[in-house]
Colleague: 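I'd like to ask some things about the structure below.
Predicted, not measured: the structure shown is a model, and the values here were computed from it. All ligand and atom numbering here is 1-based and tracks the order in the structure.
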Amino acid sequence: MKIPDKIKTNCPFCNKHLLHNVKINRKGKESSMSKGRRKYIEVKKGYGGSPRCPKKPNFKIGKRTLLLLECTGCKKKHQRLFSSRTKKTVEVK
Ligand SMILES: [Zn+2]
């Protein structure tokens, strides 16, 4: 799915409709010792109950993407969730 690289939307800092540069906000690499990862390791070893079944298949179709919008007026950035789940990856034209 393709979206335009410039969108005219409201800027929460200027409180006006202005042109925004669009980028896709990619998730950074998860640290190996994050809370969820530590819990997962413990459960795998056999300690504690399972917070969620690790082998359960992911039945949600598609992924939701975060858009990073940069205001051309004040150069500040804010995020917006792309409205729906999409099977195809979202690309900026
Ligand atoms: Zn602004």
Colleague: Counting distance only, does the side-chain N/O of His20 pair as donor-acceptor with the main-chain N or O of Leu18 below 3.5 Å?
Modeller: yes

Colleague: Kindly write out the residues that satisfy side chain to side chain contact (heavy atoms under 4.5 Å, CB included) with Thr72, not counting sequence neighbours, or none if the list is empty.
Modeller: Leu19, Asn21

Colleague: What I want to find out is whether Lys45 reaches Glu42 closely enough, with some N-O distance under 4.0 Å, to be called a salt bridge.
Modeller: yes

Colleague: Give a yes or no on whether the backbone of Met33 and the side-chain of Arg38 come within a donor-acceptor separation of less than 3.5 Å.
Modeller: yes

Colleague: Near the Zn ion (ligand 1), which protein N/O/S atoms are found at less than 2.8 Å?
Modeller: Cys11 SG, Cys14 SG, Cys71 SG, Cys74 SG

Colleague: Going by the rule salt bridge (Lys or Arg N to Asp or Glu O under 4.0 Å), which residues pair with Glu91 if we only count those two or more places apart in sequence or in a different chain?
Modeller: none

Colleague: Looking at residues at least two apart in the chain, or sitting in another chain, which of them share a side chain to side chain contact (heavy atoms under 4.5 Å, CB included) with Arg37?
Modeller: Glu30, Ser34, Tyr40, Ile41

